[in-house]
Amino acid sequence: LHSSKSPLLLVGTCINDVQDCESLMAVENSIVSLIGDNFAQVVMNSEEDLSFFPIDNKVGRGIGKLRSVLGAEARKESSSRQVPVRWLALLDEMIFNNEKDHYIELADAKAIGTRIGIKQSTEQEAALSLFHEFGLICHLTMTETLKNVVII
């Protein structure tokens, strides 16, 4: 599952087309100006002092290091958190039994939850909140109108 707090690795492909260090730093400066301080979850390429991981698509340069960093971040990541099976059943039911529409009303989502064994409204809402956090659905709760719709 993906979380908005998960590590984010930026990958620059076609590094073989960058001819010199000056051009590489121009790419780095562009990335830094775009992300600023808004993305604390970006994993820095500390070995090359970059905010991204340059790779060469043709000969594979940088791919080994990228794999290594991805593996290390995956082991640190807490998104392997345990989720009740019935929560996953709720997600499956909402998505796969509603393929023609891209949304479901909250009342219908809660009815599915009740049918599969999630009886308490607070647990149903906790499941929806987690799915929203991981980017699996969009369930905004700022207003009553928004709260009543789950985008799938």
Side-chain angles (χ1 to χ4, degrees), residues 1-15 17 24 26-57 62-152:
L1 298 174
H2 165 72
S3 169
S4 60
K5 298 173 182 115
S6 292
L8 177 65
L9 280 76
L10 302 176
V11 178
T13 60
C14 301
I15 195 64
D17 292 340
L24 183 65
V27 171
E28 169 67 7
N29 292 335
S30 294
I31 291 171
V32 168
S33 71
L34 287 171
I35 62 174
D37 294 332
N38 299 322
F39 298 95
Q41 71 271 32
V42 171
V43 176
M44 300 301 291
N45 179 348
S46 56
E47 189 175 300
E48 296 180 73
D49 198 28
L50 297 171
S51 57
F52 70 105
F53 293 83
I55 63 168
D56 182 331
N57 302 38
I63 292 177
K65 181 169 65 169
L66 179 61
R67 277 191 190 130
S68 173
V69 172
L70 277 170
E73 290 300 321
R75 286 187 291 281
K76 289 193 295 187
E77 176 59 25
S78 63
S79 67
S80 60
R81 139 182 193 183
Q82 300 267 331
V83 176
V85 173
R86 63 181 177 264
W87 286 23
L88 297 175
L90 170 62
L91 180 64
D92 286 346
E93 287 277 328
M94 287 190 312
I95 293 173
F96 297 115
N97 290 335
N98 197 23
E99 291 180 358
K100 64 180 166 79
D101 294 321
H102 298 288
Y103 71 93
I104 185 172
E105 292 185 21
L106 179 62
D108 294 334
K110 287 187 170 199
I112 293 168
T114 300
R115 188 176 72 244
I116 61 171
I118 306 173
K119 306 284 187 212
Q120 295 182 354
S121 180
T122 54
E123 185 180 0
Q124 294 167 351
E125 291 179 17
L128 294 174
S129 177
L130 179 76
F131 298 150
H132 174 83
E133 179 185 332
F134 283 119
L136 301 168
I137 63 168
C138 181
H139 184 233
L140 305 173
T141 58
M142 284 78 95
T143 68
E144 210 49 44
T145 302
L146 291 173
K147 185 178 181 175
N148 288 323
V149 177
V150 179
I151 310 293
I152 51 177

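In this chain, numbering begins with 1 at the start of the sequence shown. Computed from a predicted structure; not experimentally measured.
Pairing each heavy atom of W87 with each of F131, the nearest pair is O-CZ, 3.1 Å.
For the pair S51/M44, a side-chain contact is recorded, criterion being any heavy-atom separation below 4.5 Å from C-beta on. In this structure the side chain of E47 never reaches within 4.5 angstrom of the side chain of V69, judged on heavy atoms.
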For residues 135-152, which side-chain donor-acceptor pairs fall under 3.5 Å, sequence neighbours excluded?
| residue | atom | partner | partner atom | Å |
| --- | --- | --- | --- | --- |
| H139 | NE2 | K147 | O | 2.9 |
| T143 | OG1 | L146 | N | 3.2 |
| N148 | ND2 | E144 | O | 3.0 |

Taking distance alone, no hydrogens or angles, what donor-acceptor pairs closer than 3.5 Å link side-chain atoms of residues 106-120 to residues at least two apart or in another chain?
| residue | atom | partner | partner atom | Å |
| --- | --- | --- | --- | --- |
| K110 | NZ | S121 | OG | 2.6 |
| K110 | NZ | E125 | OE2 | 2.7 |
| T114 | OG1 | K110 | O | 3.0 |
| T114 | OG1 | Q124 | NE2 | 3.1 |
| R115 | NH2 | E93 | OE1 | 2.8 |
| K119 | NZ | T114 | O | 3.3 |

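To the nearest 0.5 angstrom, D56 atom CG is 8.0 Å from I63 atom CD1. Considering CZ of F52 and CD1 of I35, their distance stands at 11.0 Å, rounded to 0.5 Å. With rounding to the nearest 0.5 angstrom, the CG atom of L128 is 6.0 Å from the CG atom of L90.
For residues 26-39, there are no salt bridge (Lys or Arg N to Asp or Glu O under 4.0 Å) pairs, not counting sequence neighbours.
A donor-acceptor pair under 3.5 Å is absent between the side-chain atoms of S68 and the main chain of G64, judged by distance alone.
The neighbour count for D17 CG, taken as heavy atoms of other residues, nucleotides or ligands under 6.0 Å away, is above 12.
For E105, there are no side chain to side chain donor-acceptor pair (under 3.5 Å) partners at least two apart in sequence or on another chain. In this structure, the side-chain contact (heavy atoms from CB on, under 4.5 Å) partners of L66, at least two apart in sequence or on a different chain, are L9, V11, F53, I55, L70.
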